[in-house]
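Here, residue 1 is the first one in the sequence, and each next residue gets the next number. Bear in mind the structure is a predicted one, so any value in this text is a computation, not a measurement.
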Amino acid sequence: MTSSSNQPGNGQAPAGRPGGDLFYVPVGWLIFVMAWSVYGLASSWWLFGNSSLPDRVFYFFIGGLVTNVITILWGLYLLGLAFGRSGRFPRHFTIWQIALIVWVLARQVYVLAVPDFVFSIRGVGIAAIEIGIGLLCIYLLRRGSGAEAVYARPQTEAPPLGVSILAALLGIVLGAIVGAVGGFLAGSLIADVAQVSCFEGGCGYFAAFFGLGGLVVGAIGGGILAVWLVHRRKRKPVT
């Protein structure tokens, strides 16, 4: 027996989309982590030329910058798989997420073990949330959950992975430039309208804050838009 909408009347999800939209939660989490990594890179400019930090603290921050770069590049690869509707996305995302959880745990252990850092309940809480969301994403994409059927599109051939990565990189660079310039101009305009004091460069810092936000938003938005445009083109049927 079927319902009036021609769907099975037993309340189960259609075979083509097992589990509903929850399977796309990992993609949203991936985009958020990449955006946070871009913000981390953009806000760490003060490290260079700063010789007042202890070596153990300085190298910790440098390790975080390297991890942010790896996270962004690896994330671009995963976005290419996701936008290309590749059945390999669940497995590759799981590997990426496990590596990220290992980094979060190692980072937290280092912070707790090195006396140069101060214990923070907020830091532990953020790490716990990161690990919790990561474990949820791994569970959603577990083998046998049907996630492969949601992402895979075996009837068509996606654009080459190299094209997706190149487009994403170009989109990130252009988006970051446009976003930074637009954010800085918007911040300057708001500073003038709100009559922000320029004492000791206050209005300049205000505009720079908006520029930094625009850089992060523009970089992530440009990368995603570029990948989407590449995969939006009509695909060739697999022969």
Side-chain angles (χ1 to χ4, degrees), residues 21 24-50 52-53 58 60-80 82-83 96 100 104 107 120 122-123 125-127 129-130 133-134 137 163-233:
D21 294 333
Y24 297 105
V25 170
V27 177
W29 174 240
L30 171 64
I31 294 173
F32 175 81
V33 172
M34 291 177 61
W36 192 253
S37 298
V38 172
Y39 174 79
L41 289 176
S43 60
S44 298
W45 57 269
W46 59 272
L47 283 174
F48 301 96
N50 191 333
S52 62
L53 291 175
F58 178 78
F60 171 80
F61 283 115
I62 292 298
L65 293 180
V66 173
T67 302
N68 286 337
V69 172
I70 295 175
T71 299
I72 295 170
L73 295 178
W74 199 346
L76 289 174
Y77 170 72
L78 294 175
L79 280 181
F83 281 100
W96 172 84
L100 185 61
V104 172
R107 181 187 65 195
S120 170
R122 177 176 176 270
I126 292 176
I129 293 174
E130 290 183 76
I133 296 177
C137 292
V163 174
S164 299
I165 294 179
L166 179 60
L169 290 175
L170 291 175
I172 286 176
V173 173
L174 294 177
I177 295 174
V178 173
V181 173
F184 183 82
L185 293 177
S188 300
L189 179 61
I190 295 174
D192 290 338
V193 173
Q195 296 182 349
V196 177
S197 173
C198 291
F199 178 71
E200 294 186 351
C203 56
Y205 285 115
F206 183 84
F209 174 78
F210 277 84
L212 178 61
L215 183 148
V216 174
V217 174
I220 295 299
I224 294 175
L225 178 62
V227 174
W228 179 76
L229 289 175
V230 167
H231 289 273
R232 184 172 177 267
R233 296 180 305 175

Nearest atoms (heavy-atom pairs only) where Met34 meets Ile72: CE-O, 3.8 Å
Side chain to side chain, Leu30 and Trp96, heavy atoms closer than 4.5 Å: yes
Any residue meeting side chain to side chain contact (heavy atoms under 4.5 Å, CB included) with Thr67, in chain and number order, not counting sequence neighbours: Thr71, Trp103
Heavy-atom closest pair, residues Pro26 and Cys137: CA-SG, 3.8 Å
Separation between CG of Leu65 and CZ of Phe60, rounded to the nearest 0.5 Å: 10.5 Å
Set of residues satisfying side chain to side chain donor-acceptor pair (under 3.5 Å) with respect to Trp29, sequence neighbours excluded: Gln97
